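The structure appears right after this line, and notes come after that.
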2 protein chains.
Amino acid sequence: MPKPQADPTASLGLRVDRGSPVPLYFQLAQQLEAAIEEGALSPGSLLGNEIELAARLGLSRPTVRQAIQSLVDKGLLVRRRGVGTQVVHSQVRRPLELSSLYDDLEAAGQRPTSLVLVNTLVPADAELAAVLGVAEGDDVHRVERLRLAHGEPLAYLVNHLPTGLLDLDTGRLETTGLYRLLRSAGITLHSARQSIGARAAAPAEAERLDEPEGAPLLTMERVTYDDTGRAVESGAHTYRPSRYSFDFQLLARS
Amino acid sequence: MPKPQADPTASLGLRVDRGSPVPLYFQLAQQLEAAIEEGALSPGSLLGNEIELAARLGLSRPTVRQAIQSLVDKGLLVRRRGVGTQVVHSQVRRPLELSSLYDDLEAAGQRPTSLVLVNTLVPADAELAAVLGVAEGDDVHRVERLRLAHGEPLAYLVNHLPTGLLDLDTGRLETTGLYRLLRSAGITLHSARQSIGARAAAPAEAERLDEPEGAPLLTMERVTYDDTGRAVESGAHTYRPSRYSFDFQLLARS
DNA sequence: TCAATCCTTATGTCAGGACAATCGGACTAC
DNA sequence: GTAGTCCGATTGTCCTGACATAAGGATTGA
């Protein structure tokens, strides 16, 4: 007896363009992701088997698997051997990214502004030299910024960068994020080591952020590396906890 | 002229056991990872091309690629078309995991202890019912714990769980972490939504954690989902920032 | 009625081959 | 000398085919 088990991908109008330079598996992954995002593939529904899907699209099974796997890695799908592939119905789907505060705020529609307080060269002390991988006493960029949202101070950002990577134009620092500057200088960001904590505001910090002395502050220290393992940035940030918190989603790795 | 360009994987004594039920790509990935970890493959060195490696091990290229890709996903390797595969030389390699505070402390050799203050059933209020996906007024587990390290209070943990998933034995809660209990109950943890912030300690909180009133506290709120998208746990934790911070490594997703 | 066994179905693993795209160095032409 | 071009090396993409493994339901047996 033929099961009337509808394959939800059948009615999606999926198609791939073999003339496009975009890889086939990527085209498929994008279309599936869009379908999930807009609800055309409802959470919890089975996806219909890979073989059929491959046949329907005129693709090979490995290609289809590669597309599906990329969505599994993103946490959108779950595969079960012997059962099928299922749309996970998670509330939020924002993964933890290597993103800058600026981008985060902009995405949240907060219209962030930056005030560059300091943009200069300083000799690296021992600790800074160690994390950035330069010699002690070598010049490094030092940037201090105040990030505002809706005209209110939100965070105080101190960053150090090795010289020679990019030219830190104060004007551009005020209109965009540091990560975006790094990327547009041809640097491939690879990983970052972060530490998030809290402490009481020292007098100078308190004044900068318009908080009372001793108020709790959220702190983040970070070192960012490019794909060669070279440290490209180190930062020490303090946030007003009433205006900012770190929100993100974790995925269980396999 | 033959290039005397030594393939560092040649001298590693790599071998796979076809009789083992462990997938071949996984065996290879483990051996490569071990070699990187112990320094046999030095940071920055090229890995030698996939074709040769496959031939040497008697594997097909897709299998070797799968092994390498898994290490790329972990951030240990970087591939460059036309160049080769390179060991990234990063300082730390701990990824951000879906791990419990208990496991983290244990891994750090801190010998954590737990004090279960409350372990009972309470009716879910509107907010809790919404995040856990139960009806308002339904009974849910409520667990309050104090986590100690070296006899000093470290964190105060409040968790809520739907009923019917597992039996929360107070004794086991004191000797292990909540995540481990969930996993051993056959629940596959899939993702978690986290929010990390800070605030001043209220009088009751301050006393529990042995901090002065108004002291800064690090806070974390979390909802954990299993692979069907069902919420299996929700927690509100407060940490003493002098004793704990969130340390982790982020990877740029492709 | 209940438990063990078989069967179907789907994903997981692996092989071997082909061609394209890209990087970097060497070579060439101006 | 300098810029453009070619070329070899290596990974990226894609194909076909095969068998293994696990999950779940159906069947069969006590």
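Predicted, not measured: the structure shown is a model, and the values here were computed from it. So that the names make sense, note that chain A is the first sequence line, chain B the second, and so on, each numbered from 1. All heavy atoms count here, side chains included; hydrogens, waters and symmetry mates do not.
Between A:Thr85 and the phosphate of C:dT11, there is a side-chain N or O to OP1/OP2 separation shorter than 4.0 Å. Here A:Arg18 reaches the OP1 or OP2 of D:dC15: one of its side-chain N or O atoms lies under 4.0 Å away.
Counting only distance, with no hydrogens or angles, the side chain of A:Thr176 and the backbone of A:Leu173 share no donor-acceptor pair below 3.5 Å.
Atoms CZ (B:Phe26) and C1' (C:dG12) sit 14 Å apart, rounded to a whole Å. Between B:Gln27 atom CD and C:dC14 atom C1' there is a gap of 13 Å when expressed in whole angstrom units. Rounded to a whole Å, the OH atom of A:Tyr25 is 13 Å from the P atom of D:dC15. In this structure, B:Gln66 places its CD atom 16 Å from C1' of D:dG12, rounding to the nearest Å.
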Using a cutoff of under 3.5 Å, can you pull out all pairs of nitrogen or oxygen atoms linking the protein to nucleotides 5-7 of chain D, with atom names and distances?
none

Could you write out each protein N or O paired with an N or O of nucleotides 21-24 of chain D at a distance under 3.5 Å?
unit_1	atom_1	unit_2	atom_2	d
D:dT21	O4'	A:Arg81	NH1	3.1
D:dT21	O3'	A:Arg81	NH1	3.1
D:dA23	O4'	A:Arg81	O	3.3

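Legend: residues meeting side-chain contact (heavy atoms from CB on, under 4.5 Å) with B:Thr188, ordered by chain and number and at least two apart, are B:Asp227.
Residues from residues 50-65 of chain A lying near DNA chain D, meaning a heavy-atom separation below 4.0 Å, are A:Gly58, A:Leu59, A:Ser60, A:Arg61, A:Pro62, A:Thr63 in numerical order.
Listed by first then second residue, pairs satisfying side-chain hydrogen bond (donor to acceptor under 3.5 Å, both in side chains) with a partner in residues 14-33 of chain B read B:Glu33-B:Lys74, not counting sequence neighbours.
Using five terminal pairs a side, the axes of the helix from C:dT1-D:dA30 to C:dC30-D:dG1 at its two ends make an angle of 10°, given in steps of 10 degrees.
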